[in-house]
There are 2 protein chains.
Amino acid sequence: MSKKYFTAGPAELYPKFSEFLQEFVDKQLGSISHRSGDFKKIYQHTDEQLRILLGIPEENAIMFTGSASEIWEKSIQSLVEFESFHLVNGSFSEKYYQYALALQKTAKAFKKPLGEGFTYSEIEVPEYAEMVCITQNETSTGVQMREADIHKLKRSNAHKLFSIDIVSSAPIPTLDFKLMDSVFFSVQKNFGMPAGLGVWIANEKCLEKAVSLKEKGLSIGAHHDLPTLWKNAKNYQNPSTPNVMGIFLLGKIAEDMNKTGIDTIRKTNASNAKKIYQHFENKEGYEIFVKDPDLRSKTVAVINTSSPSSHLIQKLKAENMIIGSGYGPGKDNQIRIANFISTSTEDIEALLEKI
Amino acid sequence: MSKKYFTAGPAELYPKFSEFLQEFVDKQLGSISHRSGDFKKIYQHTDEQLRILLGIPEENAIMFTGSASEIWEKSIQSLVEFESFHLVNGSFSEKYYQYALALQKTAKAFKKPLGEGFTYSEIEVPEYAEMVCITQNETSTGVQMREADIHKLKRSNAHKLFSIDIVSSAPIPTLDFKLMDSVFFSVQKNFGMPAGLGVWIANEKCLEKAVSLKEKGLSIGAHHDLPTLWKNAKNYQNPSTPNVMGIFLLGKIAEDMNKTGIDTIRKTNASNAKKIYQHFENKEGYEIFVKDPDLRSKTVAVINTSSPSSHLIQKLKAENMIIGSGYGPGKDNQIRIANFISTSTEDIEALLEKI
């Protein structure tokens, strides 16, 4: 009997994943040249469907890497000369910050304890920070930053670049791509695909910054630097041989999501998230980790358990329902439940019934 | 009717590719956590099968990236403080050299015209070069460097690191992995897989060098630096979420190759290569591009055509046989024929019959 995955990525695959994979195999797309017109058509299709799904302006480039972690590195290399600023409240925002330090930037962080998040009014962006790095959805703790707060922060720091990690929330956040400079995600979360592809969406301000760093004689890296990715993306190509299968599947899935409509998808997501949090609101033995309801992630719910979380995880596993443990310090006394698009309302209800 | 791909990558998929892919789908491996025991078993299996196939010593780490191009960057960042030395005779060896320049190393190159190659006695490694970078099989021109020459060069420069690009030849070359420090390849060539995975094999000397650069306070990058990849690989993991499907398929294909036996595979490869070159030896309207028979690639044959190569390419396409054009300046008057493992002797014979 097949399992249902409620894990925060890799996650349950998209319902039509097998169908789209079969099309990839039948058309022998694993063998086509990544310089051919056939490949460019695939890239263009994925590009167009993502623009519709996320509301990405024509100006921006949509570029592909091996993972979103790679984009942590590439965005710092291409977009920061001296100083970056990071909102850190969990393992993944911490990693983005650590990447900047490893690249020997003056990286500054506003840190919050695990389970807490950030609101507009409390954030002071350092004067010399060139880029503000925000993990919109902190997968490790189930904390989100509200889109409105991100937008306000950008508006009041309009001359700084903003780089937004929506790895485990895209395409749910209603992010204003006209306002955001660099946004990235990976495909093994809400898009219900096997891992191995990162997606980077950047605007012309990013390109200008990267070019200016290069002109100053600074190294912005050699592989997948922004100007090279950009130039290729505008021609529906990639500088190195990309994950063609991933790009193809992402286009098919985004197209399928567009058929449903992003508004409907977001409504279902919000309603399922509400169901999950309500279930644990007053349930004995459980406690919602994130206290502020406004900062609770819509896609990854983290719940404290009074008994060891492994008990529940094992019990559900026997029912072919796979949920995650907490991350890092929360490993033994937390569960994480993903509320991704591939998981239906019925799946969520069936899971909650067993808890 | 299905096509036969004789292109130099992406290429014809491995005969059992669909079967292995179906196993991946049936077992829901696209959903498993990359921190789980199930994933570690997949990584370990692939690691073990590659060690058998290529004769990789236990000491070495086998690490995964998004592509082999990424390893050009990571190997320079982690293994070179000041100076690298490159043998350059085509587009891909040139790119490795350009990556070193983009990373602001003192990169020196011994360059040869397209279609020519390198032998041991003519190579003088600069005194201060810390790493010698060799493209064993130059995919753009169909020129190989003989394994014996690489081994001799390393023996007479034992204190320098050697980094060998076998992207489009692995697992055919009989490289001595006890002698070589850094070796890498990608999977969309001889392994007959869709693109999206790079494989990096490095020894402890590489690890020591990378650690020493870090201890000196130098940046060796943030994503997929060698010490982080190494530490994870020794525990059958990857620092970021890797291409789990690619790692699984590579293990299954390497295992299948081991059932045939690498000696048999290499013999078949050599015999098919001979057939291809003999076919064009005295054929009117065609000329083998690489003059020195010892330097002719066993996996990518480049042939000059007296009439525009597109004529032949189109004619064969109508027969569902896909061959490549020349690369760069050879685009209009060369063809490239891949002699990869997924292409049988019968396929090669059928192709040659049509030319």
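Numbers restart at 1 for each chain; the letters A, B, ... are given by sequence-line order, proteins then strands.
Contacts with chain B were tallied for A:Gly196, A:Ser31, A:Ala102; A:Ser31 has the most, counting heavy-atom pairs under 4.5 Å. Taking chain B as the reference chain and counting heavy-atom pairs below 4.5 Å, the highest number among A:Gly246, A:Ser2, A:Pro239 is found for A:Ser2. Interface summary for chain A: among B:Ala8, B:Gly221, B:Pro194, B:Ser219, the most heavy-atom pairs under 4.5 angstrom belong to B:Ser219. Residue with the most contacts toward chain B among A:Gln77, A:Met245, A:Gln28, A:Met193: A:Gln28 (heavy-atom pairs, distance under 4.5 Å). Counting heavy-atom pairs closer than 4.5 Å to chain B, the top-ranked of the candidates A:Thr7, A:Ile322, A:Ile32 is A:Ile32. Interface summary for chain B: among A:Gly324, A:Gly66, A:Ala11, A:Ser240, the most heavy-atom pairs under 4.5 angstrom belong to A:Ala11.
In this structure, chain B has no heavy atom under 4.5 Å from any part of A:Phe39. Looking at A:Leu218, the atoms closer than 4.5 Å to chain B (heavy atoms on both sides) all sit in the backbone: N, CA, C or O. If you measure heavy-atom distances from A:Gln188 to chain B, the contacts under 4.5 Å come from the side chain alone. Contact annotation for B:Gln98: neither backbone nor side-chain heavy atoms come within less than 4.5 Å of a heavy atom of chain A. Looking at A:Ser67, the atoms closer than 4.5 Å to chain B (heavy atoms on both sides) all sit in the side chain, from C-beta outward. Contacts of A:Ala195 with chain B are made by both backbone and side-chain atoms, with heavy-atom separations under 4.5 Å. Heavy atoms of A:Ser342 lying under 4.5 Å from chain B are absent altogether. Contact annotation for A:Tyr5: only side-chain heavy atoms (C-beta onward) come within less than 4.5 Å of a heavy atom of chain B.
Of the inter-residue distances, the one linking B:Leu21 atom CG with A:Leu21 atom CG reads 4.5 Å to the nearest 0.5 angstrom. The distance from the OG1 atom of B:Thr241 to the CG atom of A:Leu197 is 12.5 Å, given to the nearest 0.5 Å. To the nearest 0.5 Å, the span separating CD on B:Gln22 from CD on A:Gln22 amounts to 7.0 Å.
Sparse packing is recorded around CG of B:Asp332, with 12 or fewer heavy atoms of other residues, nucleotides or ligands lying under 6.0 Å away.
For a heavy-atom cut-off of 4.5 Å, chain B lies close to A:Ser69, A:Glu70, A:Glu73, A:Lys74 in residues 68-76 of chain A.
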